[in-house]
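Here's the structure, in structure tokens; my notes come after.
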Amino acid sequence: MPKTPEDIIREEIRALTAYHVPDSAAMVKLDAMENPYRLPETLRARLARLVEEAALNRYPDPGAAPLKARLREALEVPAGMELLLGNGSDELIQMLVLAIARPGAVVLGAEPSFTMFRMIATIAGARYVGVDLREDFSLDADPLLAAVERHRPALTFIAYPNNPTGNLFDAASIARIVEASPGLVVIDEAYHAFAGASFMERLEGSPNLLIMRTLSKLGLAGLRLGVLAGARAWLAQLDKVRLPYNVGTLTQIVALEVLRHDEVLTEQAAAIKLERGRLLRELGSVPGVVAYPSNANFILFKASNAERVFDGLKGRGVLIKSLHGSHRLLGDCLRVTVGTRDENDAFLTALTQTLAA
Ligand SMILES: *Cc1c(COP(=O)(O)O)cnc(C)c1O
């Protein structure tokens, strides 16, 4: 008898729900925190020429030294700290978890937060412990500190700003958790471009702290480049978990060239932040909607019958994300990415129509 998936696949994997990416063809796509703007024509033309020249018959540069040097400057990484690159920060999360996942090892996180923390921990065979945020999505340090005491996590993830709630947790509370943690603490700063706050400069005084960034939310989601910054002693071990050539030649070339002109990305982030302010004000004035302040490029909001609202928007050609049912604190919550002015208007019109229908 041939074996079935039930015989062979681990039960914790069978119990997972696959990370679902909905079809968004021809939709106003405001579901995935992408930057709505493309790169300027001149820069795209330069990228085309660089791609034309690339030696794709060869394996990528395994050390990616030129790209790392530029990243150090662009991300203001403190001198003496190392960088580790990933195929998106998702891959860095995977390397981190794989490196610590001995039987019984605990990965700690606040909840609700980025789903990949729990999902990758589960896949790697570590034990994920989630501690709930307060009802207003602020970080409650005391239960987290109690969980640190009780579970002695090997790895703690804190998204700063948090996804899907969009807020920055209290920095002093995070510092207490870093201080109290016996294991690594990774601050995931995927939304740094929109946040105006960072733990990067605290790397020097905190030997168990690592900072994670990504180019995805900044405008290069299609490229897949994540960056982990921290002390060499940690990154040298994590580097052994990295698959050789995980960051392809095209990613290296394109990222380096775009980062040489990163004022383009900074300007786009500034435009997104302006639109975020407008969208928050307009959303806040829609009857029946409660919108939460955001330090990211998306806004979490609550509207009764969130599933119906999600479907109504989808039927009108606007794709956002429903979080209803994903966590106790997220009942009737939806998340919209800040798009262009026109996209945001299309969203607001569709939302008003849906709520009136
Ligand atoms: C989107 C996101 C990521 C994943 O980014 P990639 O670099 O595209 O893999 C990581 N962390 C958080 C909190 C995110 O929201």
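Any value given below was found using the heavy atoms of this structure, including those in side chains, with hydrogens, waters and symmetry copies removed. Predicted, not measured: the structure shown is a model, and the values here were computed from it. Every number for a ligand or one of its atoms is a count from 1 in the order of the listing.
Panel note: side chain Arg127, backbone Ala121; no donor-acceptor pair is recorded below 3.5 Å. When atom types are taken as modelled, the side chain of Glu282 and the backbone of Gly277 share no donor-acceptor pair closer than 3.5 angstrom.
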Intermediate values then yes/no, side chain to side chain contact (heavy atoms under 4.5 Å, CB included), Arg335 and Ile320:
CA-CA 6 Å; Arg335 186 190 65 197; Ile320 64 168; over 6 Å; no

Verdict with supporting geometry, Leu144 and Asp140, side chain to side chain contact (heavy atoms under 4.5 Å, CB included)
CA-CA 7 Å; Leu144 255 172; Asp140 197 353; over 6 Å; no

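Looking at Glu73 and Arg70, a side-chain N of the basic residue comes within less than 4.0 Å of a carboxylate O on the acidic one, giving a salt bridge.
Using a 4.0 Å heavy-atom criterion, the residues that approach ligand 1 are Gly88, Ser89, Asp90, Phe114, Asn163, Asp188, Ala190, Tyr191, Thr214, Ser216, Lys217, Arg224.
Clustering ILVMFWY residues whenever any of their side-chain heavy atoms sit less than 4.5 angstrom apart, transitively, puts Val254 in the very cluster that holds Leu225.
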